[in-house]
Amino acid sequence: MSAEKTPIDGSSSANTLLQLHQLLTSCSKSISGGNFSQSQTSVSMLINFLDSVSDASISELEPGAKENAFKILSGIYEFLCSPSLNQENIDALSFELPKSASKFAGVSPQCLEISDNIIHRFIEKCSPRDMLPILCEALDSSNKTVQAATYVCPLISGLSDVFISLQRRHFEQIKVAVPVVVKVVKAISTESDYEDTELETLFERIVVNALSIQTVCRKLEDGENEKLRALLGLYVLQILALVSVSRNYLHFALRLASILPYSGISGLGLITGYNVDTMSHIVIGEDEEDCSSFSSHIYLGASLSVVWAQKHDEFAQAAKFDFGAIKTELQNNPTKRWQAVAMLKHVFASIDLPWEFKRYTVDFLLYITSGDISNKLGHNDCSLYMTSLFSSLQALTMIIIYASDTVLRKNAFEALKRVLGDIPNSQRFDILKALIKNSDSSSMVAILLDLVRGEMHRERILRTSLQKNEALEADSKTCQSTLFWSTSILELVESVLRPDTGGPPILPDNSDAVLSALNLYRFVLMTEAAEKTNYTGLQFKNNLQKAYNEWLLPLRILVGGIAAANKNDIDQHAVDTVCALNPLELVLYRCIELVEENLKHLA
């Protein structure tokens with residue numbers, strides 16, 4: 001019977017050890033004899049044998065499998081430590097054995113220790129420069145193994161030893177390994193089926209790996225030292241992001257924080273993105289291929305470093321952040337505040353982060369936008385940051401829509417309004433328009449349209465005060481009072497009442513957005529008529545006729561048809577539909593009456 005079907009008792013365990021001894025002897029003879037083809041076959045048979053033992057012990061299909069795995073692994077280590085084993089054998093086995101030995105790491109803590117020893121033995125006896133790509137290749141195949149979190153631990157520790165053992169070209173070689181490690185840890189940390197102890201062991205090895213790079217930095221000359229310190233900074237930021245996503249481990253975060261000052265990183269430099277851009281330029285330069293190999297988690301980690309400091313004073317102390325000074329500078333400097341808001345989008349948009357981090361990030365945003373920041377804008381232009389500010393605000397709308405915590409939703413909405421208020425008037429409408437046109441949520445579109453109406457009301461009040469007080473600088477401020485009162489408002493209303501599909505909006509799905517758009521249209525119509533103005537062009541006859549024929553009448557037919565279809569239906573969905581359409585129908589008819597009245601007046 002095969003070993004897979006036979007319980008591993010004392011006798012079969014002895015047979016397995018004998019088989020191991022025979023395979024090792026065969027490998028040694030064929031390698032030493034220079035028979036390349038035979039040596040490849042022998043090594044392949046050894047690896048297949050080891051993989052079958054590790055698979056059986058991890059799956060625990062056979063009694064005594066774990067004990068047998070420990071004996072087999074110990075036998076491998078004893079073989080590698082044999083004084084009679086020549087370098088040729090060690091070099092040949094170094095290509096495959098580290099990967100096979102690491103597969104035993106998940107069997108037991110004892111096997112993990114022996115796996116560490118085996119890889120350390122190879123690093124002692126082989127060239128570190130040769131071992132680095134071997135370990136990286138083994139790491140890169142972790143997705144093909146079970147218990148990947150423990151499988152990668154000996155390999156990562158092996159890389160730590162390799163880094164310290166390198167004799168030259170430290171930066172170039174470590175730069176190759178770092179993206180591989182980050183990729184593997186990212187894949188593992190975002191999975192939910194690992195025990196806390198497994199992840200703690202993994203992150204312990206990762207932190208030690210970062211510390212080994214720091215040790216190497218201290219031995220280098222200024223030029224290569226600067227490059228490696230920058231690489232270390234980027235590495236630590238990525239690992240900090242993964243620690244945050246995984247289990248929110250404070251003790252690991254604190255150890256990573258202590259490395260940040262060594263890389264020349266400051267809290268203000270991180271939250272504005274300056275440090276990240278500087279380090280990236282040093283490490284990556286203009287090489288697009290290199291750029292693609294580094295994770296977007298760098299920016300997430302940079303943003304989270306400030307959030308960690310907001311949550312825990314000890315993190316700020318470990319990272320040497322003057323958190324009070326950071327907040328004050330951001331409150332007083334509009335450009336740096338916009339840069340910070342742009343960085344925070346990485347936290348808001350992350351689907352993997354716990355909501356707790358988003359709550360602290362919103363609190364931080366509320367703090368740096370507190371006070372009368374609009375008076376500190378001066379003549380600053382945020383054109384360079386429009387795309388990033390839009391992305392941050394869009395991510396904030398997702399929190400408003402999906403957060404289950406009422407307080408978080410409320411605070412996120414307040415933060416949204418403050419950030420919008422922090423954008424110069426000349427660019428605020430463009431941001432709101434983009435948010436409306438790129439939102440799939442009817443409720444969010446309604447909220448944003450209400451904000452537009454609020455901005456128009458504010459401009460109207462300002463315009464009225466200017467007309468009453470001729471002493472004010474009317475020339476400069478009249479322009480500021482008509483930025484929202486423009487023909488773009490009609491385009492905005494049309495995008496809701498007559499979507500790109502060409503027909504009326506889908507109801508009742510979009511009833512919130514439609515009701516808000518109708519209220520906005522009615523507000524503009526009544527205000528322009530009362531003040532005898534036409535900033536928006538709405539009072540032109542052709543625009544009134546277009547609104548009447550293409551927006552309002554098709555909508556009235558649609559609403560009337562839905563109401564009639566559900567009038568006598570007692571189904572709960574039908575009742576909800578009618579209730580949702582009642583206020584919309586009321587405002588719709590008032591809009592129609594106003595348009596008809598204005599058209600009659602123009603006739």
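- The shortest non-hydrogen separation linking Cys27 to Ser30 is O-OG, 3.1 Å.
- At a threshold of 4.5 Å between non-hydrogen side-chain atoms, the residues Leu300 and Leu353 count as touching.
- The CG atom of Leu232 lies 5.5 Å from the SG atom of Cys217; values are rounded to the nearest 0.5 Å.
- Between the Glu414 side chain and the Lys410 main chain, no donor and acceptor come within less than 3.5 Å of each other.
- Counting heavy-atom neighbours within 6.0 Å of Lys29 NZ, excluding the residue itself, gives a total of 12 or less.
- No side-chain donor-acceptor contact under 3.5 Å links Gln310 to the backbone of Thr361.
- What you find for Ser258 and Pro261 is that their closest heavy atoms are O-CD, 3.5 Å.
- Qualifying side-chain contact (heavy atoms from CB on, under 4.5 Å) partners for Asn117, counting only residues two or more places apart in sequence or in other chains: Tyr77, Glu113, Ile114.
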Audit row: Asn48, Ser44, side-chain contact (heavy atoms from CB on, under 4.5 Å) steps and yes/no: CA-CA 6 Å; Asn48 289 337; Ser44 178; 3.8 Å; yes
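- With Thr278 contributing its side chain and Tyr274 its backbone, the two residues share a donor-acceptor pair below 3.5 Å.
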Ser42 and Ser26: CA distance, side-chain angles, deciding distance, side-chain hydrogen bond (donor to acceptor under 3.5 Å, both in side chains) verdict: CA-CA 6 Å; Ser42 298; Ser26 174; 3.0 Å; yes
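- A salt bridge is defined here as a Lys NZ or Arg NE, NH1 or NH2 lying under 4.0 Å from an Asp or Glu carboxylate O, and Arg121 with Glu124 meets this definition.
- Ion pair Asp116/Arg205 flagged as a salt bridge, since at least one NZ, NE, NH1 or NH2 atom sits closer than 4.0 Å to an Asp/Glu carboxylate oxygen.
- Judged purely by atom type and a 3.5 angstrom limit, Ser263 uses its side chain to pair as donor or acceptor with the backbone of Arg229.
- The salt bridge (Lys or Arg N to Asp or Glu O under 4.0 Å) contacts involving residues 73-91 comprise nothing, where partners must be two or more places apart or lie in separate chains.
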Pair Ile259-Gln214, side-chain contact (heavy atoms from CB on, under 4.5 Å): steps then yes or no: CA-CA 8 Å; Ile259 304 174; Gln214 186 177 18; 4.1 Å; yes
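- A salt bridge links Asp140 to Lys183: one of the charged nitrogens lies within less than 4.0 Å of a carboxylate oxygen.
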Under 3.5 Å, sequence neighbours excluded: what are the donor-acceptor pairs made by side chains of residues 393-404?
residue	atom	partner	partner atom	Å
Thr397	OG1	Gln394	O	2.4

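- Enclosure of atom CD in Gln167 is not indicated, since only 12 or fewer non-hydrogen atoms of other residues, nucleotides or ligands lie within 6.0 angstrom.
- A 6.0 Å sphere centred on CZ of Arg218 holds more than 12 heavy atoms belonging to other residues, nucleotides or ligands.
- Without hydrogens or angle criteria, Ser32 side chain to Ser28 main chain gives a donor-acceptor distance under 3.5 Å.
- The closest side-chain heavy-atom distance from Leu234 to Ser280 is below 4.5 Å.
- Within the 4.5 Å cutoff, the side chain of Ile271 has no heavy atoms near those of the Phe321 side chain.
- The backbone N or O of Val347 lies less than 3.5 Å from no partner atom in the side chain of Ser303, so there is not a single donor-acceptor pair.
- Judged as a ring pair (Phe, Tyr, Trp, His ring centres under 6.0 Å), and not counting sequence neighbours, the contacts of His251 are Tyr249.
- With sequence neighbours excluded, the residues forming a side-chain contact (heavy atoms from CB on, under 4.5 Å) with Val180 are Cys136, Leu139, listed by chain and number.
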Worked check of side-chain hydrogen bond (donor to acceptor under 3.5 Å, both in side chains) between Ser441 and Ser443: CA-CA 5 Å; Ser441 166; Ser443 298; 4.7 Å; no
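- Between atom CG of residue Leu135 and atom CD1 of residue Ile123 there is a gap of 5.5 Å, rounded to the nearest 0.5 Å.
- In this pair, Tyr385 and Trp338 present their aromatic rings tilted. The plane angle is within the 30 to 60° band.
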Trace of the side-chain contact (heavy atoms from CB on, under 4.5 Å) decision for Leu240 with Phe315: CA-CA 12 Å; Leu240 180 63; Phe315 185 95; 4.0 Å; yes
side-chain hydrogen bond (donor to acceptor under 3.5 Å, both in side chains) assessment of Ser160 paired with Asn209: CA-CA 5 Å; Ser160 300; Asn209 189 249; 3.0 Å; yes
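- In this structure, the side chain of Ser39 engages the main chain of Phe36 through a donor-acceptor pair within 3.5 Å.
- A side-chain contact (heavy atoms from CB on, under 4.5 Å) with Ile213 is found for exactly one of Leu231, Leu159, Val178, Val236, namely Val178.
- For the atom pair CZ of Phe163 and NE2 of His170, the computed distance is 11.0 Å after rounding to the nearest 0.5 Å.
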Per-pair distances, 0.1 Å, donor-acceptor, side chain in residues 105-112, under 3.5 Å, sequence neighbours excluded:
residue	atom	partner	partner atom	Å
Ser108	OG	Gln110	OE1	3.3
Ser108	OG	Cys111	N	3.2

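- In this structure, Lys186 NZ and His297 NE2 are separated by 5.0 Å, a value rounded to the nearest 0.5 Å.
- Ring-centre distance between Trp308 and Tyr360: not below the 6.0 Å cut-off.
- With hydrogens and angles disregarded, a donor-acceptor distance shorter than 3.5 Å links the side chain of Glu224 to the backbone of Phe171.
- The backbone N or O of Leu97 lies less than 3.5 Å from no partner atom in the side chain of Ser100, so there is not a single donor-acceptor pair.
- Taking a 6.0 Å sphere around NZ of Lys345, one finds it holds more than 12 heavy atoms contributed by other residues, nucleotides or ligands.
- Leu199 places a side-chain heavy atom less than 4.5 Å from the side chain of Ile188.
- The structure places OG of Ser392 at 6.5 Å from CG of Leu344, a figure rounded to the nearest 0.5 Å.
- The 12-atom threshold is not exceeded at CG of Asp440, counting heavy atoms of other residues, nucleotides or ligands nearer than 6.0 Å.
- Side-chain contact between Leu260 and Leu256 is absent, with no heavy atoms from C-beta onward closer than 4.5 Å.
- For Phe95, the CZ atom is loosely surrounded, since the number of other residues' heavy atoms within 6.0 Å does not exceed 12.
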Derivation and outcome, side-chain contact (heavy atoms from CB on, under 4.5 Å), residues Glu356 and Lys311: CA-CA 10 Å; Glu356 179 188 11; Lys311 288 179 62 179; 3.3 Å; yes
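- Atoms NE2 and CG, from His120 and Leu80 in turn, are 12.5 Å apart once rounded to the nearest 0.5 Å.
- Contact annotation: the side chain of Ile134 never approaches that of Phe122 to less than 4.5 Å [non-hydrogen atoms, C-beta and beyond].
- Of all the heavy atoms in Met279 and Ala230, the pair that sits closest is SD-O, 3.8 Å.
- Panel note: side chain Ser52, backbone Phe49; a donor-acceptor pair is recorded below 3.5 Å.
- A pairwise comparison of heavy atoms in Val362 and Ala415 identifies CG1-CB, 4.4 Å as the closest pair.
- At least one test fails for Arg359 against the ring of Phe364: distance under 6.0 Å to the centre or angle within 45° of the axis.
- Of all heavy-atom pairs between Asn275 and Ser266, the closest is OD1-N, 2.9 Å.
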